[in-house]
Engineer: 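Sharing a structure, written as structure tokens. Questions coming.
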4 protein chains.
Amino acid sequence: MLGVVPLTESFVQDLKITPREGGYARGQEGLEQILYAALNILVEQGSKALTLRRIASECGMKAGNLAYYFPSKEELLRELLNAIISSYEEPFDRIVHDPSESAEKRLENLVVLILDDITTKKTTRVFPELWAMTNHDPFVQERVNELYQRARVAILELIEEINPALPPDEREIVALFISASMEGMTIFAGHEKPWCEQMPAIERVAVKSFLHVIHTLKPGEIRASTDA
Amino acid sequence: MLGVVPLTESFVQDLKITPREGGYARGQEGLEQILYAALNILVEQGSKALTLRRIASECGMKAGNLAYYFPSKEELLRELLNAIISSYEEPFDRIVHDPSESAEKRLENLVVLILDDITTKKTTRVFPELWAMTNHDPFVQERVNELYQRARVAILELIEEINPALPPDEREIVALFISASMEGMTIFAGHEKPWCEQMPAIERVAVKSFLHVIHTLKPGEIRASTDA
Amino acid sequence: MLGVVPLTESFVQDLKITPREGGYARGQEGLEQILYAALNILVEQGSKALTLRRIASECGMKAGNLAYYFPSKEELLRELLNAIISSYEEPFDRIVHDPSESAEKRLENLVVLILDDITTKKTTRVFPELWAMTNHDPFVQERVNELYQRARVAILELIEEINPALPPDEREIVALFISASMEGMTIFAGHEKPWCEQMPAIERVAVKSFLHVIHTLKPGEIRASTDA
Amino acid sequence: MLGVVPLTESFVQDLKITPREGGYARGQEGLEQILYAALNILVEQGSKALTLRRIASECGMKAGNLAYYFPSKEELLRELLNAIISSYEEPFDRIVHDPSESAEKRLENLVVLILDDITTKKTTRVFPELWAMTNHDPFVQERVNELYQRARVAILELIEEINPALPPDEREIVALFISASMEGMTIFAGHEKPWCEQMPAIERVAVKSFLHVIHTLKPGEIRASTDA
DNA sequence: AATGAATGAGCGTTCATTCAT
DNA sequence: TATGAATGAACGCTCATTCAT
């Protein structure tokens with residue numbers, strides 16, 4: 001009952017829960033409640049505290065009843081992961097394909113979107129947990145890779161528009177560099193992190209730096225040199 | 001079976017274990033064995049698998065005997081964290097203060113050191129766990145902050161040498177941006193990650209990009225503008 | 001094997017278990033089973049043997065299931081203590097306020113009730129445990145004090161009826177003396193103690209002695225004298 | 001090293017440790033240290049806290065070393081019990097056989113001795129533990145019975161002197177009643193118990209009551225009557 | 001759709017004990 | 001005498017899971 005308040009004011013929604021198969025499922029309501037409760041515990045108390053008992057009690061149920069919705073804890077976590085990842089699908093596309101802005105402005109908008117999202121409690125708390133899981137759970141790894149793949153494709157398109165001379169393989173590296181630079185900010189300037197107040201300045205450095213690399217990188221410049 | 005095989009070929013050593021009280025080693029052997037076993041499990045199986053029983057069995061002990069070395073699991077984990085963090089102290093200093101190299105070359109060396117370390121299994125696996133813990137464990141938070149603080153100070157000194165005109169507050173933001181950009185690579189180009197083969201090219205982009213920002217950033221440029 | 005056989009033939013019942021919340025019994029059955037099992041172990045094997053595993057196995061459960069009924073061992077022990085103490089409430093009142101008997105006869109009845117109860121296995125075994133706990137557990141101390149307080153008030157009322165001339169403070173001392181004299185019998189004439197066969201004779205000495213003190217004590221006689 | 005301060009100001013000494021066989025044993029010193037430490041823990045923290053580790057640490061040893069002095073914990077506790085019981089041997093005899101006092105005065109002295117001892121921390125804390133052990137440990141039962149037997153014999157002698165007309169079996173009951181009355185005070189007027197300040201008044205009631213019973217009991221009066 | 005009741009495994013921890021040194 | 005190091009058993013407790021109702 002508690003803890004189902006929205007976790008963030010970002011315009012990335014907390015969870016995007018896709019209704020289950022079989023028409024208008026009846027348990028949809030309880031199902032969402034459970035996923036929000038799980039997310040809330042993960043955010044507020046960390047993965048060690050994410051037990052079925054706690055999830056159940058957070059939404060006023062008894063633990064046994066979770067079995068009605070999810071066959072196992074693992075399944076619950078997978079649906080939670082899906083819902084988290086899905087929530088990022090739409091905003092990326094919207095910004096990247098905004099026809100009213102220049103490519104550079106659209107890149108700037110994307111950077112700001114991502115870095116602002118990073119300062120939300122949900123993102124700051126959840127993503128490090130996901131990165132950690134990634135190393136030992138192939139399912140998590142795949143879904144997280146998917147998410148970043150989508151982000152990178154968005155960045156890639158913008159790079160191509162801004163500097164069409166850059167060959168695809170180098171474009172990829174630059175997109176990766178940009179994406180990684182932003183993700184790395186989570187642990188320094190995320191929610192309640194020491195640098196979170198400086199995020200606006202950080203965003204300006206990031207945008208400036210990213211645009212410069214895109215503009216000035218000469219084809220072949222970052223290919224393996226002959227050691228000289 | 002013992003799991004005390006070296007985890008990395010990086011010249012950042014796995015653990016820097018400072019002997020306990022006095023000079024004469026007291027159970028130092030078993031103590032190191034335990035910490036290496038704990039690190040190994042953390043790396044290979046993740047924090048959820050890091051139980052006292054598993055640590056003990058990994059070094060051929062029974063669980064009860066761990067209590068002889070560490071009063072509690074928490075204490076064991078703290079000493080492990082200290083040992084991990086301490087292992088970075090010396091390499092940073094060595095590279096940053098190398099008198100035979102220019103400031104730019106030293107920055108490049110530092111970037112390569114850090115990004116190469118990121119590709120080691122130990123770093124790729126352990127740091128995301130630490131980042132996750134950071135959000136709910138003040139002790140981990142403090143120690144991890146300390147580590148990054150040290151890294152940032154090193155970068156800061158090099159920035160000052162390279163572009164003395166940059167005011168301190170902007171220098172700080174740039175150093176943070178550089179550090180975060182590198183850490184973010186962990187999840188993309190770390191050990192067994194999809195981009196790990198591209199790390200050399202990534203390093204070149206990173207060095208180029210970092211040096212450019214340092215060189216070209218004009219004082220005041222990233223301060224909050226009046227929106228115009 | 002179940003150990004839920006009645007422990008005593010006294011008309012002080014073994015436990016007075018007050019139903020939990022609301023009217024409709026909720027697991028009341030298992031709850032009582034557990035408390036009786038715990039009492040039984042305490043009586044038969046002593047407090048050192050009173051472990052959750054043993055309690056559980058005594059009532060055919062597994063240890064983990066106890067957590068369903070009691071949040072902690074401490075809570076279980078507290079409810080057990082409450083049930084033990086509560087079992088004395090009603091018999092005391094009944095005897096002391098019996099309108100068909102003289103005050104002296106009622107005192108005699110009370111003495112016999114208490115001393116007979118002392119010869120039951122339950123009382124002989126449990127109370128010394130409680131006395132020992134009393135010294136290091138404030139909760140036990142409080143509840144045991146409450147019980148004796150109630151007994152003392154009962155005695156006090158009878159003393160007042162028998163010898164109204166005795167001032168309250170001396171009455172209190174006499175009531176205490178009477179109560180303590182009886183409790184002390186536990187270790188000598190309790191269940192299977194060397195003198196348990198002599199309890200009837202002991203009761204006669206006790207009644208005689210108590211009545212005499214009440215009758216003959218002159219006001220001021222036991223106040224601190226000037227050593228003369 | 002700590003905790004070997006005397007526990008009481010009673011003139012019953014805390015422990016009477018009889019040197020071990022084999023001439024002037026060398027470990028006598030450490031042995032006494034250990035027993036005092038054990039007593040101290042039993043008194044201050046109760047039997048649940050009486051572990052070998054704590055005993056050892058209280059006298060600056062490691063747990064393993066206790067095995068040098070005592071083959072097992074049980075043996076240690078038995079020697080402790082012996083030392084406690086032995087400490088009461090001498091004072092009883094001294095008072096009861098004091099040739100300079102009347103029998104009545106000697107009884108009074110004995111009552112005061114015992115009741116004063118009861119108010120010491122050591123006695124208040126240790127004896128309830130012994131009573132509890134008595135119910136499940138035949139060795140403790142035997143030794144404690146011995147102690148009370150000795151006390152009762154002392155009382156018995158005085159009763160005989162005071163009222164030689166009383167037949168032996170009734171004399172025994174009266175002696176038992178007197179002894180039990182006093183022991184019962186432990187839980188009410190012992191160290192830090194609610195009535196401990198009233199002990200002097202209690203002693204006066206006790207002496208008066210005991211003497212009266214001895215004086216006025218008529219032979220046969222407490223034998224089983226024909227129910228009339 | 002939900003609860004009550006139970007299980008079995010595993011957790012961190014404490015304990016008495018052993019034994020080589 | 002004493003310590004260092006280890007063991008095996010047990011402790012209170014938590015967990016995901018199961019299943020009849």
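Just so you know, these numbers use all the heavy atoms, side chains as well, and skip hydrogens, waters and symmetry mates.
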Engineer: Kindly give the heavy-atom pair with the smallest separation between B/Y36 and B/I17, and that separation in Å.
Structural biologist: CE1-CD1, 4.0 Å

Engineer: Can you give the dot-bracket line for DNA chain E, using ( ) for pairs inside the strand, [ ] for pairs that cross earlier ones, | for pairs with another strand and . for unpaired bases, where Watson-Crick and G-U count if both distances are under 3.5 Å?
Structural biologist: .||||||||||||||||||||

Engineer: I need the CD-P distance between D/Q28 and F/dT1, as an integer number of Å.
Structural biologist: 10 Å

Engineer: According to a strict under-4.0 Å criterion, is C/K62 in side-chain N/O contact with OP1 or OP2 of E/dG8?
Structural biologist: yes

Engineer: Find the distance C/E75:CD to F/dT14:C1' and express it as a whole number of Å.
Structural biologist: 17 Å

Engineer: Hey, is the side chain of C/Y68 poking within less than 4.0 Å of OP1 or OP2 on E/dA5, counting only N and O atoms?
Structural biologist: yes

Engineer: Is the shortest side-chain heavy-atom distance between C/T51 and C/I41 below 4.5 Å?
Structural biologist: no

Engineer: Calculate the interatomic distance between A/I55 atom CD1 and F/dT14 atom P; express it in whole Å.
Structural biologist: 17 Å

Engineer: Taking the side chain as every heavy atom from C-beta outward, state whether A/L50 and A/L77 have any pair of such atoms under 4.5 Å apart.
Structural biologist: yes

Engineer: Please give, in whole Å, the distance from F/dA16 P to A/I41 CD1?
Structural biologist: 10 Å

Engineer: Could you verify whether a donor N or O on one side chain and an acceptor N or O on the other, from D/E129 and D/S47, lie under 3.5 Å apart?
Structural biologist: yes

Engineer: Rounded to whole angstroms, how far apart are CG on B/L77 and C1' on E/dG12?
Structural biologist: 11 Å

Engineer: Which pairs, protein N/O on one side and nucleotides 16-20 of chain E N/O on the other, fall under 3.5 Å?
Structural biologist:
unit_1, atom_1, unit_2, atom_2, d
E/dA16, OP1, D/K73, NZ, 2.7
E/dA16, OP2, D/L52, N, 2.8
E/dA16, N7, D/R53, NH1, 3.2
E/dT17, OP2, D/K73, N, 2.7

Engineer: In whole angstroms, how far is the P atom of E/dA5 from the CE atom of C/M61?
Structural biologist: 9 Å

Engineer: Return yes when atom NZ of C/K16 has more than 12 non-hydrogen atoms of other residues, nucleotides or ligands closer than 6.0 Å, and no otherwise.
Structural biologist: no

Engineer: Any side-chain heavy atom of C/P128 within less than 4.5 Å of one from D/T134?
Structural biologist: no

Engineer: Would you mind reading off the distance between A/L31 atom CG and E/dA1 atom C1', rounded to a whole angstrom?
Structural biologist: 13 Å

Engineer: Do A/V144 and A/F139 have side chains that get closer than 4.5 Å, going by heavy atoms?
Structural biologist: no

Engineer: Would you mind reading off the distance between B/L66 atom CG and E/dT13 atom C1', rounded to a whole angstrom?
Structural biologist: 11 Å

Engineer: Output yes when C/R54 and C/E58 qualify as a salt bridge under the 4.0 Å nitrogen-oxygen rule, no when they do not.
Structural biologist: no

Engineer: Would you tell me if any nitrogen or oxygen in the side chain of A/Y69 comes within less than 4.0 Å of OP1 or OP2 on E/dA2?
Structural biologist: yes

Engineer: Between CD1 of D/I84 and CG of D/L35, what distance do you get to the nearest 0.5 Å?
Structural biologist: 9.0 Å

